[in-house]
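Here's the structure, in structure tokens; my notes come after.
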Amino acid sequence: MSGNPPSLAFISADTPDAREAASRLSSLYGQERLEDADVIVALGGDGFMLQTLHKMMSSGRSIYGMNRGTIGFLMNEYHETDLRERIEDAVAETIRPLHMHTVDTDGNTTDALAINEVSLLRQSYQAAKIRITIDGKVRLDELICDGVMVATPAGSTAYNLSAQGPILPLEAPLLALTPVSAFRPRRWRGALIPNRSTVRFDVLEPQKRPVNAVADHTEIKSVVSVTVREAHDATATLLFDASHSWDERILSEQFRY
């Protein structure tokens, strides 16, 4: 970032640590109105960062997070000193969310955006049966599983990683297609697909084996089909400290054990 020092607006999660941090920082650096700020400083954890990214989607404002929560993979370390300098030196990363389109058992349709992942999850004790089609070609006739997801690079370190999915560099033109507890085919561990692909999930036996679809915080019950693609008209910009960039975090995460 260059030019005049960026104007800052501080927002926080609804926790004592985050609220106190926002109060201290606004007294040190001033508090611009949210709609007039150059940079939004989000104080909390990754969950709060996701909420902020959804709220600020395509606003043209960059978001710089500092960790005041329990998980902070999308956040920078919390320090009160030299904040403007850190932000001016930060590395900007642009992310694109996924667009989810669902049809439920009553024929209702819903559209939602997901920054991390779109996931399908079984709704009952019965395992889900799901057909997977990519760009109009059936790739898996029947996946019997607890669930399946499409994850973005930004979301590849979240639920996707917990399900043994791959970690993706932020600039990788890929999406992770990852099963959750696959029963058949038992050895299928998922796939990497181009981010220009359109993925369609069809729920087989939806009355007997109901399935919910989730796009970040939006959950749709009893879906019969879910279509997922990268959104073409929505972006969000994250700022990361140059000393601890996203690329460095990705490399470090892959060598943890």
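Both backbone and side-chain heavy atoms feed into the values below; hydrogens, waters and symmetry mates do not.
A salt bridge between R131 and D141 is absent, with no side-chain N of the basic residue lying under 4.0 Å from a carboxylate O of the acidic one.
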So L98 and V150, side chain to side chain contact (heavy atoms under 4.5 Å, CB included) or not? Walk me through it. CA-CA 9 Å; L98 298 173; V150 179; 4.0 Å; yes
Please walk me through it: do L143 and F183 pass side chain to side chain contact (heavy atoms under 4.5 Å, CB included)? CA-CA 8 Å; L143 172 65; F183 180 69; over 6 Å; no
R209 vs R122, test: side chain to side chain contact (heavy atoms under 4.5 Å, CB included). Steps then yes/no. CA-CA 7 Å; R209 303 170 184 272; R122 67 173 182 166; over 6 Å; no
Evaluate side chain to side chain contact (heavy atoms under 4.5 Å, CB included) for V118 paired with M149, printing each intermediate quantity in order. CA-CA 5 Å; V118 170; M149 76 187 79; over 6 Å; no
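Between the side chain of R61 and the backbone N or O of L34, at least one donor-acceptor pair lies under 3.5 Å. Panel note: side chain N76, backbone M66; no donor-acceptor pair is recorded below 3.5 Å. Side-chain atoms of R19 never come within 3.5 Å of backbone atoms of A22 as a donor-acceptor pair (strictly under, hydrogens ignored). Not one N or O on the side chain of N212 forms a donor-acceptor pair closer than 3.5 Å with the backbone of E219. In terms of modelled atom types and a separation under 3.5 Å, the side chain of D216 and the main chain of I115 share a donor-acceptor contact.
Once rounded to the nearest 0.5 Å, the distance linking CZ of R96 with CG of L175 reads 12.5 Å. Note: R33 CZ to S7 OG = 11.0 Å, rounded to the nearest 0.5 Å. Between the NZ atom in K129 and the CZ atom in R184 there is a gap of 11.0 Å [rounded to 0.5 Å]. Rounding to the nearest 0.5 Å gives a distance of 11.0 Å between CD of E32 and CZ of F10. Here CG of L192 is found 5.5 Å from CG of L174. Values are rounded to the nearest 0.5 Å. A distance of 6.0 Å separates CG in L74 from CG in L50, rounded to the nearest 0.5 Å.
Judged purely by distance below 3.5 Å, without hydrogens or angles, the side chains of D104 and S222 never pair a donor atom with an acceptor atom. D17 and Y78 share no side-chain donor-acceptor pair at under 3.5 Å.
Every residue meeting the ring-ring contact (aromatic ring centres under 6.0 Å, His included) condition with F240, not counting sequence neighbours, appears here in chain and number order: W246. A search for side-chain contact (heavy atoms from CB on, under 4.5 Å) contacts involving R200 returns T133, D202, S225, T227, not counting sequence neighbours. Evaluation of the side chain to side chain donor-acceptor pair (under 3.5 Å) rule for D233 yields no partner, not counting sequence neighbours. Partners of H232 according to the side chain to side chain donor-acceptor pair (under 3.5 Å) rule, which considers only residues two or more places apart in sequence or in another chain, do not exist here. With sequence neighbours left out, R24 forms a side chain to side chain donor-acceptor pair (under 3.5 Å) with E80.
Residues in residues 156-177 take part in these side chain to side chain donor-acceptor pair (under 3.5 Å) pairs, two or more places apart or across chains: N160-T178.
Taking both residues in full, the closest heavy atoms of F48 and A42 are given as CE2-CB, 3.9 Å, listed atom of the first, atom of the second, then distance. Annotation for I167 and P169: closest pair O-CD, 4.1 Å, computed over non-hydrogen atoms. Closest approach of L8 and A37 over heavy atoms only: C-CB, 4.0 Å. Considering all non-hydrogen atoms of both residues, E117 and A151 come closest at CB-CA, 3.9 Å. Minimum heavy-atom separation, T81 to Y29: C-OH, 3.6 Å. The shortest heavy-atom contact between E77 and D241 is N-OD2, 4.5 Å.
When side chains are defined from C-beta on, V203 counts as touching V223, because their heavy atoms get closer than 4.5 Å. Taking 4.5 Å as the limit, some side-chain heavy atom of I11 sits within range of a side-chain heavy atom of I40.
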